[in-house]
Amino acid sequence: MTKGEDKRALRVAVIGAGMSGILAAIKLRQAGITDLAVYEKADRLGGTWRDNTYPGLSCDVPSHLYAYSFEPNPDWSHRFSPGAEIQAYFERVAAKYDVESLISYNAEVTRAAFEVGRWRLEIKDGRTDVVDIVLTATGVLHHPVSPQIDGLTSFSGACFHSARWDHDVPLAGRRVGIIGTGSTGVQIVPAIVDEVASVSLFQRTAQWILPLPNPEHGEEEKAAFRASPELLRATYLDLAERFQNTFARAVVGDHAQMQRIADACRANLDDNVADPALRRKLTPDYQVACKRLIMSDQFYPAIQKPNAELVTDAIVRIEPAGVRTADGQLHELDVLVLATGFDGHRFMRPMQIVGRDGLTLDEAWADANEAYRSVAVPGFPNFFTMVGPNSPIGNFSLIMISEMQLAYIMQLVELIRTGRYREVAPTAAATARFNAAIKEAMKGTVWVTGCRSWYLDRNGNPAMWPWTFERFEAEMAKPDLGDFDLVA
Ligand code: NAP
């Protein structure tokens with residue numbers, strides 16, 4: 001027990017120094033856990049906001065909502081602020097709370113094993129650490145997917161994934177190809193179209209797009225936010241409520257809400273794409289929001305510029321000079337960008353995780369990634385995941401989700417800290433029940449209405465939360481200890 005407090009002194013490791021890891025470090029320390037290490041595989045914090053620096057990057061969740069609830073920022077430049085500003089925000093918050101001093105950089109945890117009641121961590125550089133509790137904060141969208149296209153490596157120009165943007169490659173006056181029409185590809189096209197000689201966007205599947213304008217926050221508005229913490233808080237709550245009552249309901253079965261969103265997407269296409277042939281090519285053949293819904297009022301104007309081309313013939317192969325499509329045409333290019341997304345199902349892998357009795361996470365998740373309420377896995381005591389499987393990750397502020405998950409995890413950590421229990425893990429039965437309920441509820445969601453998307457795992461099950469946000473809030477409020485294996 002620590003002096004003055006009737007609590008065990010725990011050593012805790014947080015893996016990952018992105019949005020969730022920074023949050024965990026701040027909150028754990030505020031709760032009095034000071035023996036804390038944050039391991040980060042890269043040389044800088046920020047997670048996805050560090051990795052993604054492509055032109056046009058912004059967060060399509062309103063900035064005043066996409067921030068820690070305890071660190072509102074009156075100075076956001078736009079309703080949907082650019083990525084660099086978001087990265088700077090995380091760096092500023094980490095500095096303010098002295099999270100930096102806890103982070104080991106270039107320190108990829110390769111193995112975590114539960115041995116005699118504690119977790120032994122192995123770091124790539126040969127170091128080891130032994131801790132009482134592990135929190136993985138490794139994010140969702142951090143394993144870039146390179147497309148399986150013949151000849152990809154034969155391309156003679158510059159070629160890179162959107163999450164590994166090569167800023168040494170000039171774009172001005174050059175012929176640029178972009179493969180992929182997800183949120184990323186749709187943000188890149190308007191950002192570069194006026195600079196490049198030509199942009200060819202290779203579309204395999206059309207996307208529904210909701211036209212959200214992105215106004216600047218003027219100086220007066222920022223001054224008002226600076227002067228009034230109450231106004232900042234009210235704005236945060238108002239944005240959260242608006243999202244929860246519209247989009248969050250629509251995707252899990254509120255048909256009237258979904259119809260409104262679908263009508264807005266349809267009108268966006270009809271009103272803003274003049275040429276009927278192009279409009280046809282841009283019209284999806286699946287339900288709005290089956291794939292992650294894209295927000296942009298800039299894409300349609302950009303793709304209609306004279307130097308922009310939407311290529312819908314399938315890519316046959318990549319050749320040294322460019323992209324060959326099924327109609328036989330060679331699209332000659334100087335630069336090829338792979339906006340082909342991420343594997344959102346690998347979570348903390350390739351880290352090897354070994355729980356009780358030698359059970360590995362790869363074994364536990366051999367059939368599917370199944371966690372208990374996204375935050376814990378049976379057989380892995382005192383091991384918690386932030387933004388784990390089936391977190392509500394679609395089009396909402398993941399920061400709010402992460403804060404709720406952490407508050408829940410902290411209650412479990414507290415059981416260990418007070419000495420009430422030495423080991424805490426969910427039961428296999430409760431986890432199976434939770435996952436069976438998820439599968440059943442998923443049938444009523446938009447994500448299973450017939451489209452290909454990164455939400456779907458290899459079994460075709462969406463890695464999403466199939467219920468309302470209110471249900472998430474309620475389930476995350478307090479752990480039901482009956483669902484846990486508790487070793488005193
Ligand atoms: P994505 O949504 O997974 O889109 C990948 C794109 O690449 C799709 O258009 C896909 O086509 C295409 N593609 C993949 N392999 C291909 C191949 N072999 N040949 C041709 N096309 C291929 O990836 P993303 O755009 O990077 O976005 C991923 C997620 O990141 C988003 O859904 C979102 O959650 C997040 N994100 C958020 C923001 C934001 O503003 N908040 C911005 C960017 C990204 P198909 O559709 O046919 O599969």
Side-chain angles (χ1 to χ4, degrees), residues 19 47-49 51-63 65-66 78-86 139-152 160-165 177-191 200-210 212 214 243 247 251 282 284-286 289-299 310-318 323-326 331 336-345 387 391-399 401 447 450-456 462-464:
M19 174 276 288
T48 197
W49 300 107
D51 287 349
N52 285 278
T53 60
Y54 61 78
L57 170 69
S58 72
C59 183
D60 60 13
V61 175
S63 298
L65 183 60
Y66 194 80
H78 288 76
R79 182 178 294 165
F80 306 102
S81 299
E85 216 176 298
I86 299 169
V140 185
L141 299 170
H142 62 118
H143 297 292
V145 171
S146 202
Q148 302 293 311
I149 303 175
D150 279 353
L152 187 57
F160 45 81
H161 190 276
S162 54
R164 300 286 181 271
W165 196 274
I178 299 171
I179 300 179
T181 52
S183 305
T184 301
V186 162
Q187 286 185 338
I188 295 172
V189 173
S200 307
L201 179 64
F202 296 90
Q203 171 185 286
R204 188 166 66 178
T205 310
Q207 292 272 6
W208 288 112
I209 301 179
L210 195 63
L212 290 190
N214 187 15
F243 173 82
F247 192 79
V251 286
L282 287 168
D285 60 359
Y286 54 87
C290 181
K291 283 169 167 302
R292 184 187 189 275
L293 192 59
I294 293 180
M295 320 285 180
S296 175
D297 65 350
Q298 295 180 40
F299 174 70
L310 183 76
V311 182
T312 53
D313 292 289
I315 297 172
V316 175
R317 63 178 172 275
I318 312 287
V323 175
R324 179 81 63 184
T325 45
H331 302 263
L336 181 59
V337 177
L338 310 174
T340 43
F342 304 86
D343 179 351
H345 306 279
V387 198
S391 295
I393 47 178
N395 288 89
F396 189 55
S397 170
L398 206 49
I399 304 186
I401 305 298
W447 308 300
C451 68
R452 172 178 43 210
S453 83
W454 70 261
Y455 289 162
L456 304 177
M464 307 290 284

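Residue numbers run from 1 in the order of the sequence given. Counting convention: from 1, in listed order, for ligands and their atoms alike.
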Among protein heavy atoms, which lies nearest atom 29 (C) of ligand 1, and at what distance?
W454 NE1, 3.5 Å
What protein heavy atom is closest to atom 15 (N) of ligand 1, reported as residue, atom name and distance in Å?
R204 NH2, 3.6 Å
Using a plain distance cutoff, I'd like to know if Y54 has any nitrogen or oxygen under 3.5 Å from a nitrogen or oxygen of ligand 1.
no
What do you reckon, does Q148 have a nitrogen or oxygen under 3.5 Å from a nitrogen or oxygen of ligand 1?
no
How does S58 reach ligand 1, if at all, at less than 4.0 Å between non-hydrogen atoms: by side chain, backbone, both, or neither?
backbone
Can you spot which of W49, F80, F243 makes a ring pair (Phe, Tyr, Trp, His ring centres under 6.0 Å) with Y66?
W49
Under 4.0 Å from a heavy atom of A339: give me the atoms of ligand 1 that qualify, with their elements.
5 (C), 6 (C), 7 (O)
With respect to R292, determine whether any N or O atom, backbone or side chain, lies less than 3.5 Å from an N or O atom of ligand 1.
yes
Nearest-contact summary for atom 46 (O) of ligand 1 - protein heavy atom, Å
K291 NZ, 2.5 Å
For D60, the ligand 1 atoms with a heavy-atom partner under 4.0 Å come out as 39 (C), 40 (O), 41 (N)
Here the atoms of ligand 1 under 4.0 Å from any heavy atom belonging to T181 are 6 (C), 8 (C), 9 (O)
Hey, which atoms in ligand 1 end up nearer than 4.0 Å to a heavy atom of L141?
29 (C), 30 (O), 34 (O), 35 (C)
State the atoms of ligand 1, each with its element, that fall below the 4.0 Å cut-off from a heavy-atom position in I179.
20 (C), 21 (N)
